[in-house]
2 protein chains.
Amino acid sequence: MKKINWYPPIILGLLALLVITFGALVASRASLGPTQHFSEDGSRETFEWKLVTTWPKNFPGLGSAPERFAKKVEAMSAGRLKIKVYGAGELVPAMGVFGAVSDGAAQMGHGAAYYWKGKIPAAQFFTAVPFGLNAQEMNGWLHHGGGLELWEEIYAPFDLIPMAGGSTGVQMAGWFNKQINSVEDLKGLKMRIPGIGGEVLNRAGGTAVTIPGGELYTALQTGVIDATEWVGPFNDLAFGFHQIADYYYYPGWHEPGSILEFIVNKTAFEKLPPDLQEIVRTAARDANQDMLDEYTARNNRALKELVEKHGVRLKRLPAEVIAHLQKINDQIMEETAARDPQFARVYKAFKEFEREVIPYHQISEEAYYQARALKDSE
Amino acid sequence: MKKINWYPPIILGLLALLVITFGALVASRASLGPTQHFSEDGSRETFEWKLVTTWPKNFPGLGSAPERFAKKVEAMSAGRLKIKVYGAGELVPAMGVFGAVSDGAAQMGHGAAYYWKGKIPAAQFFTAVPFGLNAQEMNGWLHHGGGLELWEEIYAPFDLIPMAGGSTGVQMAGWFNKQINSVEDLKGLKMRIPGIGGEVLNRAGGTAVTIPGGELYTALQTGVIDATEWVGPFNDLAFGFHQIADYYYYPGWHEPGSILEFIVNKTAFEKLPPDLQEIVRTAARDANQDMLDEYTARNNRALKELVEKHGVRLKRLPAEVIAHLQKINDQIMEETAARDPQFARVYKAFKEFEREVIPYHQISEEAYYQARALKDSE
């Protein structure tokens, strides 16, 4: 038998093994690459979004919601969704927020639905209507009463998804340079008051004007207006209205529980993997609650300072005036509903929910406030 | 020169290369393995948690919060944190929840802090105290008034992190087999009422008894008790108390805005990467709001059915009775504070916040409820 030289076969075998092993290494590296960026469901992709707001950057209360939201989203997504917040005018003007998010120039916005009433009269129901639902009731309607579904339907043609984005609680009726003792005192009153509240004032004989927040102080100081509403003690104190004159300060009727809004460009939202979509929705819900909690905690201290330190005279509107404003408001709501079928449809749903919640709150929340006030009456 | 046989060195070289390449493959696999489970910050590791509750599984309202929470966490974490919810008695009895989570037998629990008053009298402030804060105010105190920090401090020795886990709003005073027209009518009244409210009833001449929810129906039916409180119309209707007798149904004073709790085992929580920690916190906040929204939307419909369909007689407790109960309550609170320094410290903080919020709510929320009720008065 011829002696076989075993070396070449061994070399060939080793070479083959080397090729296989090296191939496995390359394949392994190839699979390692994407694993760093995508999980099985693609969720390791990163996104950078812009969020434009109708408030000055870091505006107390209202402006802190988008900041909190962006931080939460970044933390929950471990940096996969980074959201940069822009104050009003930084990227688009305050009133350009709806258009910018609808067009996709920004992926998100934060503001208030009633700012878009020129385009969508029914949008006002998703912020506040005079003598309507308070904050707790609005949240009940939106999240367990069909309100959010209506809102989504109305914003869908604009490629927008709305989400509740915070609440101020009951807003104050505002600052008046004279006492309001009767319906007569509203006649000739020139007041900054937006939305349906402004229409009510007009029909009561006053003149509602629209003035951006930044120009309000000067407008009051120069006597361009006799009165203004803004938000409530926490924001009003910071604005310094009390420094201008000896005002009368009245509790509210026109914005009983304003809900702010997040709007998300639908096309952008649908590009997110499901986990990031859920993170966006949940962070919005968190910010929605946190704002009301902050106003609840801070308003009273500010009110106390206004009254005790700055001598602001806190008064109540007479029942006669309230009832009169309410009657006018009902007329305006009915007339708008008669002109605008979408407004009519939301108004109907809103009123149905009012009937679902108001009688219970009379015997629960309201009765409780009264019971608690009996403290020193025995 | 001796001819060199090149084969052995080639073989040795190839073998060396094979070892290196194979080694690289092993190293790459080793790094690939964890990469599937950990991102740069370790966040791809998966966790399975148990959440034990003090409610029957899927109990309406109260029991839906942990279910919603678990679903949200799983969706936001893309399945990296799976939480299985156990009803009362499935893993531990209702009253064993605190201990099980403290010991780490379960990573989370859902219940109410006042259940643990035997161990921690001060825990009651984090659910509800009679004539205390309502739901909106509790949330303000916890999240922007220092309340949560106190709660965390008090639970820390038990290796527990507390988070607000929903609210029922104002609870009803309950179901009575006779009308309460005076303080005298409370004498001899045998009533199921837990917590400080029960102590108040005892001192007013009644007898407070503790009966688990599941035995309440029978206790009323057999006349063991004359009266019971439970939650509010939404839950009370489902319980069917109205089927037993012609009861009088009274609005509440003893639990003005009960906050439920999530408890998290601190050691387990700290093992989570930061993104999952934030997901847990935010999902809890979401569930906290969602429960109040659901009760707000559903209570009135249930109340209407109770009154209109089942003839339940809805009454108000006379002011004299409310004021009397309030006076007794203040005495009990002061006495407990005198015995228990921790209770005293939380009571002080709670009262300070009450002074920070109650006067504003009188002129905002309460005044608004009154203004809205003037609708048909003109």
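Below, chain A is the first sequence line, B the second, and so on; all start at residue 1.
With rounding to the nearest 0.5 angstrom, the CD atom of B:E354 is 5.0 Å from the CG atom of B:L133. Here the CZ-CG distance, from A:R301 to A:L237, works out to 11.5 Å after rounding to the nearest 0.5 Å. Annotation: the span from B:E278 atom CD to A:M76 atom CE amounts to 6.5 Å, rounded to 0.5 Å.
Of the possible polar contacts, one joining the A:D236 side chain to the A:V231 backbone as a donor-acceptor pair under 3.5 Å is found. Of the possible polar contacts, none joining the A:S258 side chain to the A:S167 backbone as a donor-acceptor pair under 3.5 Å is found.
Heavy atoms closer than 4.5 Å to chain A are found nowhere in B:Q277, neither backbone nor side chain. For A:Q171, no part lies near chain B; criterion is any non-hydrogen pair under 4.5 Å. Of the atoms belonging to A:W141, not a single heavy atom falls under 4.5 Å from chain B. In this structure, chain B has no heavy atom under 4.5 Å from any part of A:Y250. If you measure heavy-atom distances from A:N288 to chain B, the contacts under 4.5 Å come from both the backbone and the side chain.
Other residues, nucleotides and ligands contribute more than 12 heavy atoms inside 6.0 Å of the CZ atom of A:R68.
For the set B:Y368, B:Y295, B:W253, the count of heavy-atom pairs under 4.5 angstrom toward chain A peaks at B:Y368. For chain A, the option among B:G132, B:G79, B:G232 with the highest count of heavy-atom pairs below 4.5 Å is B:G132. Top candidate by heavy-atom pairs under 4.5 Å with chain A, chosen from B:R316, B:H143, B:E294, is B:E294. Per-residue heavy-atom pair counts under 4.5 Å with chain A were compared for B:I279, B:T282, B:D286, and the maximum is reached by B:T282. Most heavy-atom pairs under 4.5 Å with chain A, from the set B:E366, B:H144, B:Q136: that is B:H144. Chain B forms more heavy-atom pairs under 4.5 Å with one residue of A:Q362, A:M138, A:E365, A:R355 than with any other, namely A:E365. Contacts with chain B were tallied for A:P256, A:S77, A:G145; A:P256 has the most, counting heavy-atom pairs under 4.5 Å. Counting heavy-atom pairs under 4.5 Å between each of A:D290, A:V357, A:I322, A:L292 and chain B puts A:D290 at the top. If you tally non-hydrogen atom pairs under 4.5 Å between each of B:E74, B:K304, B:R298, B:Q370 and chain A, the highest count goes to B:Q370. The candidate with the highest count of non-hydrogen atom pairs below 4.5 Å against chain B, out of A:L303, A:L314, A:I358, is A:I358.
Between A:F131 and A:L325, some side-chain heavy-atom pair lies under the 4.5 Å cut-off.
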